[in-house]
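Numbers restart at 1 for each chain; the letters A, B, ... are given by sequence-line order, proteins then strands.
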Amino acid sequence: MSHLQALNEYQQRAVTTVDGPLLIIAGPGSGKTRVITHRIAHMVSDCGIAPYEIAALTFTNKAADEMRTRIERMVPDSYVWTGTFHRFCSRLLRKHATLAGLEENFSIYDSSDSLRLVKQAMEAVHPKDIRYRAESIANEISRAKSACIDAENYGRFALNALQTVTTPVYEVYQSLLSSSNAADFDDLLLHVVTILKNSPDLRQELDEHFRYILVDEYQDTNLAQYAIVRALSIDHPNLAVTGDPDQSVYSWRGANIKNILEFEKDFPNAQIVRLEDNYRSTKSILRVADQLIANNRQRKHKVLRTENVEGDPVRLVAFPDQQTEAQSIAEELSLWLKDNIYQPDEIAIFYRANWLSRSIEHALRTAGIPYQIVNGYEFYQRREIKDLLAYLHLLNNPSDSVAFERVINVPPRKIGKITVQRLKEFAAENRISLFEAARQSGLIDTIKKGAATKVAGFCALYDKIAIDATESVERLLQTIIDETKYIDYLVAEDTPEAHERAGNVEELLLAAREFDIAHPDDGGLEAYLEQTSLVNDVDAWDSANAAVTLMTLHAAKGLEFPVVFMVGLEEGLLPHERSSVDEEEVEEERRLMFVGITRAQQKLNLSRCMTRFRRGRVWPIIPSRFLMELPRSEMEISEPPNTHYANLVDGSRGAADVWNEHEMAQEILQSQDEDDVPFAMDDLVEQENSPQAKKTSAAKSSPDSSLPAEKPEAFNLVSAAEMLAGNGNNPQPSGLNLSAGQFVFHPTYGRGHVDHVEGSGKKQLATISFESVGEKKIKPAFSNLVIIGR
DNA sequence: TATTCGCAAGTTTTT
DNA sequence: CTTGCGAATA
């Protein structure tokens, strides 16, 4: 029982419960990873379970690698399968591809590949139909697949207009995928679901093989993933899942929180262990997290307790704009780093959306602070990288039409759209792949001789490259680059950008070489392509790198840092404008903030801006409603003097949108009965099943759900939600009363100084000298002014 | 066929 | 401010 040392009572229970279904509800910082690794080590070394009978499904490859290393360290030579769901399914699918109508060398399409295909399908179904954007339809298809609805059955579920339009597109899209011998991300899961359903023998065999299954971050699994683990836990229901409903932040991509909430229903004999002792954060950080998340109604009560020190108060700062926000953070970091108070790798900066990293990057670069941005995804999305990978895809899978179309004329070979169109038609008529059609281009009478010669040239190039197809990936890539003169093509325009692209190609070669070294035997082109297709952001993150980490809140899940900055805590950003009305979505945004807060071990710094540059304009900004839900009295708050956010709402464009959203939400809420008792689990389950789920759930939240627990004092920060809920007699602010000497901000003219005012209230007329356009006379009541100080 | 220009639209989160 | 797309031109 060596694996039980230094574990608390609950952790020990989780580790020693080996057989039968097990649910581990693990709060943030509760030592979950330790528990999982100890549990597996215990299973192998104390219970005599063979390592190959265990599969551990994690959320990121990074987490999988870490887990594998830790297990290896405890029990040498134990090969336990660890990896993500998508990788797990990809492996299964390679083995049993024919059962899903694929060949084993199928391509995996990322979202941009599949978007291209959706556009083609739309073009085929309704030419020039512009009622819906391809993105919406692609998203709808993805949603359906996550919910295990295939193209055949989708039509039966189509209720609204979007779904009706999607139905035929989905079918064509699926046939395009199949003729390209390709699977999109969702297919990886859905095909496996289908196989397990249609092949009972295989299902049984796999159930027997993976007798012990462990799923991490179970709150973020979707229906397809659920179906897979269920199917593999029928004869051997040794399914252990860990998760935390309060950290469920992926419902937008089909994750179903019901999976974890209903685990006990699925497995009536399930053991349940709660890990509630937090070993990560200070008491003050934890109280902030706890008070925030308490505002979620759809939630099981959970306590967060720690023996850790009280720690510094959580800080909340308001900045006039994002440059100041970024610079201030950079300045503070400079001081800390200079005095060695913290090391760069102990610090992280989180934000809601990727583009928010730009101003921070700029400030850090200027200040000479080393940083790393976590979005490896971006690298593989670059044009030059996608081009070269498309060549590899085409070599591995000549049916791959998306890859073919991508490279047929890159670098330019004077093969145009029309020729490709003709090839496509020919391919469709004769039910052959685009590439096969290209090989016969000389025989296609719609294609002119000149064009056919060029296409034949491309085929010859392909064959020349293909000689190296069984060489190392690096060598193959090098051959492609040489034969296509790809670098020359890139550097043709002699811009700095072009050379950066060339640099990226070098980086790709380097990565390929690393792959070759790491996979001397099990490598090969197919494995390399699988790896590059299934990378995620966090996988590229190097925790040992001596640099400040910049990442999105989503990417931060599962990590921890001594010092955390969270920026842009503003309405429209967190909660995001696209998730700020529907109460369920707002709760997910709140969980996202909860995740961010609970990453911090010692210091937590929250900030927001009063204006933000976005879409080519500077917009006035309302603070995030979540800031009102924190225990403000015990926090260290710096709000600027003389700011009247109430005035922002009046007539100001950006703020008005937010205002309207609050108002709409409010109306929905008030039109409902208020006799509902606080959230109960069964209610949630019922709601999800009913077609009116969304409406019903909105009714569950009482109108004051976003109100601060206690009235804020000593600051003049007022959220729109609070004003609405206020005394009801002040729905519209009465206009801005300026006084001479103030500095103001105007959305068009920018920053200005109030020289002179006459009158008051709505009739007030102010003379303001703007830095940009000089003196203007303005009626404050009717313009979008923000007072930014004196 | 390639390039260029202008316009429009859109910027969540990711396997 | 970016990016992608479509039409008009060389």
Side-chain angles (χ1 to χ4, degrees), chain A residues 57-64 83-90 108-116 119 128 130 133-136 139 142 145-146 183-190 217 220-222 224-225 248-255 350-359 374-378 380-381 383 408-421 448 450-451 454 492-493 530-540 551-557 568 572-580 585 588-589 591-593 595-596 612-619:
Chain A
L57 298 166
T58 58
F59 203 65
T60 64
N61 297 305
K62 187 94 194 165
T84 63
F85 258 104
H86 285 83
R87 200 171 290 270
F88 182 74
C89 291
S90 171
I108 298 171
Y109 281 175
D110 68 19
S111 348
S112 62
D113 299 330
S114 77
L115 186 63
R116 279 170 181 246
K119 283 178 181 166
K128 300 284 164 215
I130 48 154
R133 297 192 308 119
E135 285 83 357
S136 317
N139 185 44
S142 171
K145 287 185 176 178
S146 312
D184 65 23
F185 285 140
D186 305 301
D187 278 342
L188 294 177
L189 306 175
L190 185 53
E217 306 283 8
D220 285 323
T221 52
N222 62 31
Q225 293 165 327
S248 151
V249 291
Y250 282 99
S251 76
W252 52 271
R253 73 172 202 213
F350 301 152
Y351 34 82
R352 175 63 228 264
N354 280 306
W355 60 271
L356 291 165
S357 71
R358 284 187 207 169
S359 51
V374 178
N375 51 2
Y377 169 76
E378 214 170 52
Y380 286 97
Q381 286 301 109
R383 199 190 348 153
I408 177 73
N409 199 32
V410 173
R413 329 189 151 84
K414 302 206 183 294
I415 299 171
K417 262 193 286 190
I418 295 169
T419 307
V420 174
Q421 189 54 41
K448 290 204 201 96
K454 288 171 200 145
E493 45 169 331
E530 182 189 274
Q531 191 185 62
T532 55
S533 301
L534 299 179
V535 283
N536 67 19
D537 284 1
V538 184
D539 294 336
M551 55 169 64
T552 63
L553 285 164
H554 281 89
K557 201 170 61 143
L573 242 34
L574 190 76
H576 193 271
E577 57 197 349
R578 312 236 299 225
S579 312
S580 54
E585 289 174 353
E588 177 149 321
E589 299 283 309
R591 290 194 291 268
L592 200 49
M593 179 149 171
V595 167
R612 189 169 284 276
F613 187 77
R614 199 179 173 185
R615 280 189 206 164
R617 292 216 88 83
V618 176
W619 305 84

Between the protein and nucleotides 2-10 of chain C, which nitrogen or oxygen pairs come in under 3.5 angstrom?
residue: C/dC5; atom: OP1; partner: A/Lys119; partner atom: NZ; Å: 2.8

So, is A/Arg352 close to the B/dT12 phosphate, meaning a side-chain N or O under 4.0 Å from OP1 or OP2?
no

Return the nearest nucleotide to the side chain of A/Phe613; candidates are B/dT13, B/dT1, C/dC1.
C/dC1

Check the distance between B/dG10's P and A/Arg614's CZ and give it to me in whole angstrom.
14 Å

Atom NZ in A/Lys119, atom OG in A/Ser114: separation rounded to 0.5 Å?
10.5 Å

Write down the distance separating the P atoms in C/dC5 and B/dT12, rounded off to the nearest Å.
16 Å

Quick one: is A/Thr552 getting a side-chain N or O under 4.0 Å of the B/dT14 phosphate, OP1 or OP2?
yes

Holding to side chain to side chain contact (heavy atoms under 4.5 Å, CB included), I want the full list of residues that pass it with A/Arg383, two or more places apart in sequence or in another chain.
A/Asp387, A/Arg406, A/Tyr489, A/Arg501

Taking only nitrogen or oxygen atoms into account, show me every contact under 3.5 Å that the protein makes with nucleotides 2-6 of chain B, one pair per line with its distance.
residue: B/dA2; atom: OP1; partner: A/Lys414; partner atom: N; Å: 3.3

With the side chain counted from C-beta on, respond yes when A/Asp110 and A/Gln381 share a heavy-atom pair under 4.5 Å apart, and no when they do not.
yes

Mind checking whether A/Tyr250 and A/Phe59 have parallel, tilted or perpendicular rings, split at 30° and 60°?
tilted

Indicate, with a heavy-atom threshold strictly under 4.0 Å, whether A/Ser533 touches base, sugar-phosphate, or nothing.
nothing

Against the side chain of A/His554, the closest entry in B/dT1, B/dT13, B/dT12 is B/dT13

Specify the residue among A/Ile418 and A/Leu592 whose closest nucleotide of DNA chain B lies further upstream toward the 5′ end.
A/Ile418

May I ask you to say what A/Thr419 touches in the nucleic acid, namely base, sugar-phosphate or nothing, with a heavy-atom cut-off under 4.0 Å?
sugar-phosphate

Taken in chain and number order and not counting sequence neighbours, the residues that satisfy side chain to side chain contact (heavy atoms under 4.5 Å, CB included) with A/Ser359 are A/Gln322, A/Ala326

B/dT13 phosphate, OP1 or OP2, under 4.0 Å from A/Asn354 side-chain N/O
yes

Could you work out, with side chain to side chain contact (heavy atoms under 4.5 Å, CB included) as the rule, every residue matching A/Ala183, not counting sequence neighbours?
A/Leu102, A/Phe106, A/Asp187, A/Leu188, A/His191

Closest-nucleotide 5' rank along DNA chain B - winner of A/Arg133 and A/Ala353:
A/Arg133

Does OP1 or OP2 of B/dT14 have a side-chain N or O of A/Thr60 closer than 4.0 Å?
no

Residues which pass side-chain hydrogen bond (donor to acceptor under 3.5 Å, both in side chains) with A/Glu588, listed by chain and number, not counting sequence neighbours:
A/Ser251, A/Arg591

A/Tyr250 stacking on B/dT13: centroids under 5.5 Å, ring planes under 30°?
no

